[in-house]
There are 2 protein chains.
Amino acid sequence: MNEEILSKKGLKITRARKSIISILEELDQPISAENLYKIFKEKEKGNLSTIYRNLKTLTDKDVVEIACEVDGISYYRLKQKKHKHSIICKKCGKIIPIENCPMGQIQSKLEDTTGFKIESHILEFRGICPECQKKEEK
Amino acid sequence: MNEEILSKKGLKITRARKSIISILEELDQPISAENLYKIFKEKEKGNLSTIYRNLKTLTDKDVVEIACEVDGISYYRLKQKKHKHSIICKKCGKIIPIENCPMGQIQSKLEDTTGFKIESHILEFRGICPECQKKEEK
DNA sequence: GTTATTGCAAACAATTTGCACCCAC
DNA sequence: GTGGGTGCAAATTGTTTGCAATAAC
């Protein structure tokens, strides 16, 4: 349950937080604060700044992470053990997740050559999804 | 010469544009509009909005690309034949380029499994650079 | 009861834009 | 000379913050 997630991190259990986490859980793909708020408002009443504040808190506590930033907008998702990457469709904006991160070996090789201690990476693909490709052919 | 780049794209050759391109050329690593402007002002007089406007124009014309967005700031670089990726140090913000993009095979495999036509990808690593690691040990 | 969380409005920072002037062609 | 480029200031947009009211523990 997401109440456990919260108390384990020393955060108070509030309607807003429970709702945010369950939305992210159900969604299983990156979402912007604004869109998350739209879904949130259908169920709960609350303020957009509560969303922002909680996304920040949850990110600091490693419950949530910023998956990517596109056109000045941050996209959030639950931080999972096995993290994921996405492909974003340039036409319709659809974001679909990729299973299995392919970066393991690449990353450790890079640590050797650069001396960096690599803590995370961002990998996003952009392209055109099958449906939009069909539309283009018309 | 960067004048050729501009006329080839049907853009007028102006002081600002020549300067922006040569700064990006010399730098060979992603830079924010604001920092680019600081370097720019040492040589030329001009306005920050000219920088933004030209970065936009040059991006539209595929001369420049947004390498990544971090904390709400876009980092630009010349769009090169062989594109590059970077590692960003979480402590000092240093950005260092990685030679050779490792994504070739991964990308084509992904096109097969997802049906997407992949046009580009973003790959950024974050970690701690050797110097900052030393400082932490103190 | 105490402290963290929320709502609201105002503040911010990066980026964009409207308009008058200016320069490249 | 004309149309695109620029400077300046004002607007816009995603996000953050101060403060008083409220809810979690």
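Convention: sequence-line order gives letters A, B, ...; per-chain numbering from 1.
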Exercise for review: Keeping the roles fixed (side chain from A/Y37, backbone from A/Y52), state whether a donor-acceptor pair exists under 3.5 Å.
Suggested key: no
Check your understanding: Looking only at heavy atoms, which two atoms of B/A33 and B/I51 are closest? And how far apart?
Key -> O-CG2, 3.9 Å
Exercise for review: Considering just the side-chain nitrogens and oxygens of B/N54, establish if one lies under 4.0 Å of OP1 or OP2 belonging to D/dT6.
Suggested key: yes
Review point. Could you give the CD1-to-C1' distance, from B/I73 to D/dG14, as a whole number of Å?
Key: 13 Å
Check your understanding: If you measure from the Lys or Arg side-chain nitrogens to the Asp or Glu carboxylate oxygens, is any gap between B/E65 and B/R77 under 4.0 Å?
Key -> yes
Review point. For B/R17, which contact category applies under a 4.0 Å heavy-atom criterion: base, sugar-phosphate, or nothing?
Key: sugar-phosphate
Review point. When you match B/K45 and A/L48 each to their closest nucleotide on DNA chain D, which lands nearer the 5' end?
Key: B/K45
Practice item. Let me know, please, whether B/L11 or B/K56 comes out on the 5' side of the other along DNA chain C by nearest nucleotide. Key: B/K56
Review point. From D/dG14, D/dT6, D/dA24, pick the nucleotide closest to the side chain of A/K12?
Key: D/dA24
Practice item. Could you tell me the separation between the CD1 atom of A/I51 and the P atom of D/dT17, rounded to a whole number of Å? Key: 17 Å
Practice item. Grab the NZ-C1' distance between A/K18 and C/dT6 for me, whole Å please. Key: 15 Å
Review point. At under 4.0 Å between heavy atoms, what does B/T57 touch on the DNA or RNA strands: base, sugar-phosphate, or nothing?
Key: nothing
Point to revise | Below 4.0 Å: OP1/OP2 of D/dC8 and any side-chain N or O of B/N47 | key: yes
Point to revise | Nucleotide D/dG14, atom P - distance to OH of A/Y37 in whole Å | key: 14 Å
Check your understanding: For B/N35 and C/dT15, what is the distance between atoms CG and C1' respectively, to the nearest whole Å?
Key -> 15 Å
Point to revise | Pairwise side-chain contact, B/L6 with B/L58, heavy-atom cut-off 4.5 Å (strictly under) | key: yes
Check your understanding: Quick one: B/E3 CD to C/dA24 P, roughly how many Å, whole number?
Key -> 11 Å
Exercise for review: Using whole Å, report how far CZ of A/F40 lies from C1' of C/dT5.
Suggested key: 12 Å
Exercise for review: Using whole Å, report how far CD of B/E69 lies from C1' of C/dA14.
Suggested key: 11 Å
**Study point:** B/R15 (side chain) and D/dG7 (base): donor-acceptor pair under 3.5 Å
**Key:** no
**Study point:** Passing candidate, side-chain hydrogen bond (donor to acceptor under 3.5 Å, both in side chains) with B/R17, options B/T50, B/N54, B/T57
**Key:** B/N54
Point to revise | Which residue lies more 5' along DNA chain C, comparing B/G72 with B/I13 via nearest heavy atoms | key: B/G72
Practice item. State, with a plain yes or no, whether a side-chain heavy atom of A/L27 is found less than 4.5 Å away from one of A/L36. Key: no
**Study point:** Short side-chain N/O contact to D/dA24 OP1/OP2 from A/T14, under 4.0 Å
**Key:** no
Check your understanding: Is there a donor and acceptor pair closer than 3.5 Å between the side chain of B/R53 and the base of D/dG4?
Key -> no
Exercise for review: Report which part of the nucleic acid B/S74 touches: base, sugar-phosphate, or nothing (heavy-atom distance under 4.0 Å, all strands).
Suggested key: sugar-phosphate
Practice item. Compare side-chain N and O positions of A/Y52 against OP1 and OP2 of D/dT15 and report whether any pair is under 4.0 Å apart. Key: yes
